[in-house]
Amino acid sequence: MSYTPIQLLENWILRQASDAGQAWLDTQREAVASGDPKSLYLAFGFAPRKIGKADLELTERDLNDAAESRPGWQPQTWTIDQAARVLLLMSLPSEDDAAYLATIEKLFQTAEIREQICLYQALQLLPHQELFDDRLAEGIRTNIKTVFCAIAHCNPLPMELMSEPAWNQMVLKALFIGAALDPIEGLDQRVNPELARMLIDFAHERRAAKRPIPVELWRVAAPFADEIALEDMKALYTSGENLEKSAIALALVSTALDEADEILKTDPEVAKRAESGDITWRGIAEQAYASEN
Amino acid sequence: MKFIDPHIHVTSRTTDDYEAMAAAGVAAIIEPAFWLGQPRTNVGSFQDYFSSLVGFEKFRAAQFGIRHYCTIGLNSKEANNEALAEQVMELMPLFLAKENVVAVGEIGFDDMTAAEEKYLRIQLEMAKEVNLPILIHTPHRNKKQGTYRSMDIIEEHEIPPHMVVIDHNNEETCEEVLRRGYWTAFTIYPKTKMGNERMVEVVKKYGAERIIIDSSADWGVSDPLAVPKTGNLMLERGIPKEHVELTCYKNALAAYGQSGQFEESDWLSPEPIDQRSLFEGNSVLRGGQTPRVDKPEDDRIIQ
Ligand SMILES: [Zn+2]
């Protein structure tokens, strides 16, 4: 049988929380359901103190249930206070769009970092998601990487809601701040010529400055590779490090360009590994960001 | 030696200051909400200021290996704009429960007006409601009266003195503040509040119990290294190391630790790496490592 996100969150909290924490949460959810924003604001703030900050202990099955109840939902990095906060948000009456938006916006505007992370991940489960596209676009302007990642990574909302300019900014900024592209949901579905052009310019600029080019860039740029991109890829494919070569090979393999074959021929060994599925974007991302974990 | 600067307005300081503070041993700081020099004219300014204290400034400090905490409150000067003060009171519940908020403050008197007293009392009650310590700012003018009056009011509200830090003391006020059982803080702020040679004498005379030293460094001519400088001067002038540790570290920890949000383990043995709360560049700061400061070897080259 399948569950709703509320049921799943309740079950997960029930498994881990103390009786006192659980009782506190039940009382607060009732208060919030009565429609008083002040009770939401205070309970939202106090949740970590009352219910703890432990990681949610989720099994493979829990994660499958999550994805079934809300496609794209990947709560593997969630904590128990985050789950509690989302339940509080879900208790807030939502019939009146404007009032609902105003209350949630107030929380966004006054949130500290962990709260922002929680709120941006929570939106995917809340009603009126369509009202929050500007909020997402605003969120990716942050200077704080973890907040950026709460929007960009393991979150189906950008793919579902963001306009093309906002989406493109998000992908480009991820590369700028050293956030992986692989965990962005819908990355390959939402490639577009404008995004590819920005990435190709960026790569060219970096090469001119003798600065490293993030290897995942080629995944998004290659489908629209122009002459400049092909020239850069060719040069890097000959001279680059292993990871860079692997990425370029994989990117070239995915295109149907004649020039791609020419470039791949210069190192058939790597090309073969890319064609055989030996190299994957997940693997490349993991290696590229290995030192951060 | 490790130091805590429990009263510094780093929002006004540069990253050079953060680097110097970390190098001098400052492990944790508390930034009390105060005024920005120019009065705020609408509640949005307060909201954004409070948000920066609980969010971006905490993040920025972490990048330099310094744990940042703050206090939230409506300062005395701005309490005199009553229409605005009312709106700030409504805003405070959104901030008092934030994770790095260790007290209500800095609140108290500036001109000693009726409005200042009104919002002092309201905020004392708020602190009681959420069980947070209180940081009291004492006035520059009419200091003695302002300090005593603040304590009288706190006592009327039946707040125990161990929950209250009275700051900006001097040789004239400290005896009474100590006698009444409060945490007695001194601001080492050049030319005005307290110099550190005078501070050495105060500790020689009164000992180290319940005495706290801070810099209050802000947008004025002030010194973000005031706490380590004073600590080192005290050692040089023969004050026992235990007393230096109490006044420059442990007393602040005990006072603000009562919030439940200010623990030594936060900076001595940080939680295991947590990808959700990891700040950018913070991974190098785990396990007591020295912060990474990406300085080019040759200062003339800009990479
Ligand atoms: Zn101050």
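So that the names make sense, note that chain A is the first sequence line, chain B the second, and so on, each numbered from 1.
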Next on the checklist: Walk me through whether B:Tyr249 and B:Phe3 qualify under ring-ring contact (aromatic ring centres under 6.0 Å, His included).
Outcome noted: CA-CA 5 Å; B:Tyr249 186 88; B:Phe3 298 100; 8.3 Å; no
Checklist entry - Stepwise, does the salt bridge (charged side-chain N to carboxylate O under 4.0 Å, His left out) test hold for B:Lys250 with B:Glu264? => result CA-CA 9 Å; B:Lys250 287 185 179 165; B:Glu264 206 176 23; over 6 Å; no
Item to check | Stepwise ring-ring contact (aromatic ring centres under 6.0 Å, His included) test for B:Phe46 and B:Tyr49 | outcome: CA-CA 5 Å; B:Phe46 273 95; B:Tyr49 173 64; 7.3 Å; no
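Chosen from B:Glu90, B:Arg60, B:Glu99, the residue pairing most often with chain A at heavy-atom distances under 4.5 Å is B:Glu99.
Put simply, the side chain of A:Arg85 gets close to the backbone of A:Phe44: a donor and an acceptor are under 3.5 Å apart.
Using a 4.5 Å cut-off between heavy atoms, A:Gln116 makes no contact with chain B at all. For B:Phe50, no part lies under 4.5 angstrom from a heavy atom of chain A. For a residue to count as touching a neighbouring chain, one of its non-hydrogen atoms must lie under 4.5 Å from one of that chain's; by this rule B:Leu96 touches chain A with the backbone only. Neither the backbone nor the side chain of A:Ala209 has a heavy atom closer than 4.5 Å to any heavy atom of chain B.
Partners of A:Tyr41 according to the ring-ring contact (aromatic ring centres under 6.0 Å, His included) rule, which considers only residues two or more places apart in sequence or in another chain, do not exist here.
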